[in-house]
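A short write-up of the structure that comes next.
The structure displayed is predicted, hence computed values, not measured ones. A, B, ... follow the sequence lines: proteins, then strands. Residue 1 opens every chain.
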Amino acid sequence: MSEATPETKLDFVRQIVADDIANGKNNGQVQTRFPPEPNGYLHIGHAKSICLNFGIAQQFGGKCNLRFDDTNPEKEDTEYVQAIEEDVRWLGFEWEKKLFASDYFDQLYEWAVQLIKEGKAYVCDQTVEEVREYRGGWNKEGKHSPYRDRSVEENLDLFERMKNGEFADGEKSLRAKIDMNSSNMNLRDPAMYRIRHEHHHRTGDKWCIYPMYDFAHGQSDSLEGVTHSVCTLEFENHRPLYDWYIESLGIHHPQQIEFARLNLTYTMMSKRKLLELVNEKLVNGWDDPRMPTICGMRRRGVTPEALRAFCDKIGITKFNSLTELALLELCIRDHLNRTANRAMAVLDPLKVVITNYPEGETEMRQAINNPEDESAGIREMPFGRELYIERKDFMEEASKKYFGLTVDKEVRFKNAFFVKCNEAIKDDDGNVVELRCTYDPETSGGKAPDGRKVKGTLTWVSARHAVDAEVRLYNPLFNKEKPDDIEEGKDWKDGLNPESLVTLTGCKLEPSLAKAIPGDRFQFERTGYFCVDKDSTADKLVFNRTVTLKDGFAKSKKK
RNA sequence: UGCCCGGUGGUGUAAUGGCAACACUACGGUUUUUGGUACCGUCAUUCUAGGUUCGAGUCCUAGCCGGGUAACCA
């Protein structure tokens, strides 16, 4: 269970945890939590946090909860709760407890009353605009709200009446009485409760006042016995407030630790913008395989193992980094290379007729399912007179660097024979529509008895037995490494890649693929990793390209 | 403009005062019935300037650069 070997380097968060255990802090216990707000779908950035929080618990013999920070009913919904649970489980983690901040609304209310009684909180009648004005600025002192010195009795009465629904939204708020001249804006009498006559997805209409994140998060951690409250960097300035509430209330004090969120090249991580892509139908839903969402990546064919390996490789620091998409692709390829069975598929078919192969005859050729995994076994695929190869595997004129077929050149058809092209048949427009070739029956093992060698090995499928499929090729959703860097006068959506989805129809697959079901993953040899999409039916197969293979030839061509 | 947090190859991380290490990318090569995989090789004055120290990427000071931050969002 423990991934920590003596050589394992601990990131700074794990180092803190390890030190705390060594020092006997929290009685050597470790409790973490993953605390999403159920207002959207999880993306790969959340995966980093999930792997960190659950990973720490696993590694140090602790526990990790899944807690929904559902303190703002406006944007939240059970649809998201279910999706989040599914995604966390799919990633390979199981929570100790499933919790909701909304379960603590009664306790939180009592704590608010306690702070009022201690003169540390007051009901304020200022409008949002007035609060902003009175807060001052970075170089501007704050001013006390005229309601700051209300008596405890009045505050108690007013707060109860807020709860009872006697006031309209925005009419009043409960504020912490801290320091209107703090250099940290979060401490200039922050709001604790706001009035929202809104239906909550779990508490229904019981409440019309809702606690702010700051007044709910730390106390929720505390209630759950969280020892290490790990969150992202933008909450650094909230830590003093987190600590202030905990200390004022005199309750168990978890330690908040902040780390840098994930940034990926060619990828947009903003929840708001992802929502916009979905709403404006710029993508086909949250699980569009181009989306950086966990469900999108799942549909695309990415494995949880690959995602976890990625999260492990990127490390945890406080540095605002930009990770290259290539690293994610490496992790995906690495896992799929070991686990995905090989198959032959021709995405852009060009017919090949083996003129010296008897008409109407077929023979079965053996193919290794996975050269990286002997236990995957072998399969058979039919070879005959008419075949398909990739159109790009034939060139009329080619340099010596080209390993494909040209007229008068011989190549190997993988798992079959040496094949030589004799003639390219063209249509009236001059397009090559068919290759007339001959094969050498003596090369059945893939080698020639006379020792002659071929440079190229091509993939192929039997025309008579091939099954048709639609294949969806995915490219990065954005053209730019940093889609958030928006040029003057441009919109972030101008950076969308028009070729992020390329749909191919009439692709020809080896017959064994006919029985593939949604979720099945394969390596189409020499092409990439593909999985069966959920749109796929027995009548119409649909494949998604998860990631291409590394292509050394394409690279050398670029030069 | 204040406050907070950062800064190590193209990228991401490591080095916990003692030989700057690992991975990715790129480039070159070996092997190969996938131009895949595997394997080998090449790529750094640790942001700058001072200081402390026998010794500084690491500690101190200043500067420069980057990020966060002034919702009744999280």
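Counting non-hydrogen atoms under 4.0 angstrom, A:P371 reaches a base of the nucleic acid. A:Y210 comes within 4.0 angstrom of no nucleic acid atom, judged by non-hydrogen atoms across all strands. Here A:Q126 lies in heavy-atom contact (under 4.0 Å) with a base. Counting any heavy atom pair closer than 4.0 Å across all strands shown, A:L174 reaches no nucleic acid atom. Among the heavy atoms of the strands, none lies under 4.0 Å from A:H217. Within 4.0 Å (heavy atoms only), A:K318 reaches sugar-phosphate atoms of the nucleic acid but no base atom. Using a 4.0 Å heavy-atom cutoff across all strands shown, A:T71 reaches sugar-phosphate atoms only and no base atom. Within 4.0 Å of A:M192, counting heavy atoms only, lies no atom of the nucleic acid at all. Residue A:L549 is classed as a base contact, given a heavy-atom separation below 4.0 Å to a base. Residue contacts shown for A:E74 are absent, as no nucleic acid heavy atom lies under 4.0 Å away. Within 4.0 Å (heavy atoms only), A:F319 reaches sugar-phosphate atoms of the nucleic acid but no base atom. At the heavy-atom level, A:T127 lies under 4.0 Å from base atoms of the strands shown. If you check every strand for non-hydrogen atoms under 4.0 Å, A:Y402 touches a base. Looking at heavy-atom distances under 4.0 Å, A:N320 makes contact with sugar-phosphate atoms alone, never a base.
For A:R150 (side chain) and A:V123 (main-chain N/O), a donor-acceptor pair under 3.5 Å exists by modelled atom type. Judged purely by atom type and a 3.5 angstrom limit, A:T457 has no side-chain atom pairing as donor or acceptor with the backbone of A:R412.
When the C1' atom is compared between B:C60 and B:A74, the two are found 38 Å apart, to the nearest whole Å. Taking atom C1' in both B:A14 and B:U52, the straight-line distance is 26 Å, to the nearest Å. Using atom P as the reference point in both B:U53 and B:U58, the two lie 16 Å apart (nearest Å). Between the C1' atoms of B:C64 and B:C73, the separation comes to 35 Å (whole Å). Nucleotides B:A44 and B:A38 are separated by 25 Å at their P atoms, to the nearest Å. With C1' as the reference atom, B:U31 and B:U37 are 11 Å apart, rounded to whole Å. Taking the P atom of each, B:C59 and B:C40 are spaced 35 Å apart, rounded to whole Å. Distance check on atom P: B:U25 versus B:U61 gives 41 Å, rounded to whole Å.
Contact check on A:R202 versus A:E76 returns no salt bridge, with no Lys/Arg side-chain nitrogen under 4.0 Å from an Asp/Glu carboxylate oxygen. The pair A:E37-A:K75 fails the salt-bridge criterion, with no side-chain N (NZ, NE, NH1 or NH2) lying under 4.0 Å from an Asp/Glu carboxylate O. Classification of A:K392 and A:D348 as a salt-bridged pair fails, no side-chain N sitting under 4.0 Å from a carboxylate O. A salt bridge is defined here as a Lys NZ or Arg NE, NH1 or NH2 lying under 4.0 Å from an Asp or Glu carboxylate O, and A:R338 with A:D334 meets this definition.
At a threshold of 4.5 Å between non-hydrogen side-chain atoms, the residues A:R452 and A:D440 count as touching.
At whole-Å resolution of the value, CZ in A:F530 and P in B:G36 are 16 Å apart. The CD1-C1' distance, from A:I257 to B:C4, rounds to 17 Å in whole Å. A straight line from CD of A:E390 to P of B:U34 spans 17 Å, rounded to a whole angstrom. For the pair A:W207 CH2 and B:C72 P, the computed distance is 21 Å after rounding to whole Å. Whole-Å rounding puts the A:L262 CG to B:U11 P distance at 16 Å. Following rounding to the nearest Å, A:Q256 (CD) and B:C5 (P) show an atom-to-atom distance of 13 Å. Taking atom CD1 on A:I16 and atom C1' on B:U16, their separation rounds to 13 Å, with Å as the unit.
Stacking of A:R365 on the aromatic ring of A:F417 is recorded, both the 6.0 Å distance cut-off and the 45° axial limit being met.
The base-pairing partner of B:C59, taking Watson-Crick or G-U wobble contacts with both distances under 3.5 Å, is B:G51. With a cut-off of 3.5 Å on both pairing distances, B:G35 has no Watson-Crick or G-U wobble partner at all. For B:U46, there is no paired nucleotide, since no Watson-Crick or G-U wobble pair has both relevant distances below 3.5 Å. Nucleotide B:A23: paired with B:U11 (Watson-Crick or G-U wobble, both distances less than 3.5 Å). When both pairing distances are held under 3.5 Å, B:G6 makes a Watson-Crick or G-U pair with B:C65. Across all strands shown, B:G28 forms a Watson-Crick or G-U wobble pair with B:C40, both key distances being under 3.5 Å.
The side chain of A:T323 places no N or O atom within less than 4.0 Å of a non-bridging phosphate oxygen (OP1 or OP2) of B:C24. Proximity of A:R194 to the phosphate of B:C73: a side-chain N or O atom is located under 4.0 Å from OP1 or OP2. Remark: A:R333 is not in phosphate contact with B:G36, judged by side-chain N or O atoms under 4.0 Å from OP1 or OP2. Under 4.0 angstrom from either OP1 or OP2 of B:A71 there lies at least one side-chain N or O belonging to A:R135. Remark: A:K140 is not in phosphate contact with B:A70, judged by side-chain N or O atoms under 4.0 Å from OP1 or OP2. Applying the 4.0 Å criterion to OP1 and OP2 of B:U13, one finds that A:S321 has a side-chain N or O inside that range. Note on A:R196: every side-chain N or O is 4.0 Å or more away from OP1 and OP2 of B:C72. Taking side-chain N and O atoms only, A:T457 has no distance below 4.0 Å to OP1 or OP2 of B:U34. Between A:R272 and B:A74, a side-chain N or O to OP1/OP2 separation shorter than 4.0 Å is absent.
If you check distances only, the side chain of A:E372 does reach the base of B:G36 with a donor-acceptor pair under 3.5 Å. For B:U69, the base has no donor-acceptor partner in the side chain of A:E236 [N/O atoms by modelled type, under 3.5 angstrom]. Put simply, the side chain of A:E324 and the base of B:G10 share a donor and an acceptor less than 3.5 Å apart.
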Quiz item: Where do A:T303 and A:L336 land on the side-chain contact (heavy atoms from CB on, under 4.5 Å) test, with the steps shown first?
Solution: CA-CA 8 Å; A:T303 61; A:L336 257 17; 3.6 Å; yes
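Mapped onto RNA chain B by nearest heavy atom, A:L327 and A:F403 fall at different nucleotides, with A:L327 at the one closer to the 5' end. Toward the 5′ end of RNA chain B lies the nearest nucleotide of A:I316, the other residue of the pair A:I316 and A:A416 mapping further downstream.
You cannot call A:Y213 stacked on the base of B:A74; the centres under 5.5 Å and planes under 30° rule is not satisfied.
Between A:F235 and A:H238, the ring planes are perpendicular. Angles over 60° get that label, and only those under 30° would be called parallel.
Applying the 90° cutoff around 0 to the glycosidic angle, B:A70 is assigned anti.
The side chain of A:R342 lies closest to B:U34, out of B:U8, B:C72, B:U34.
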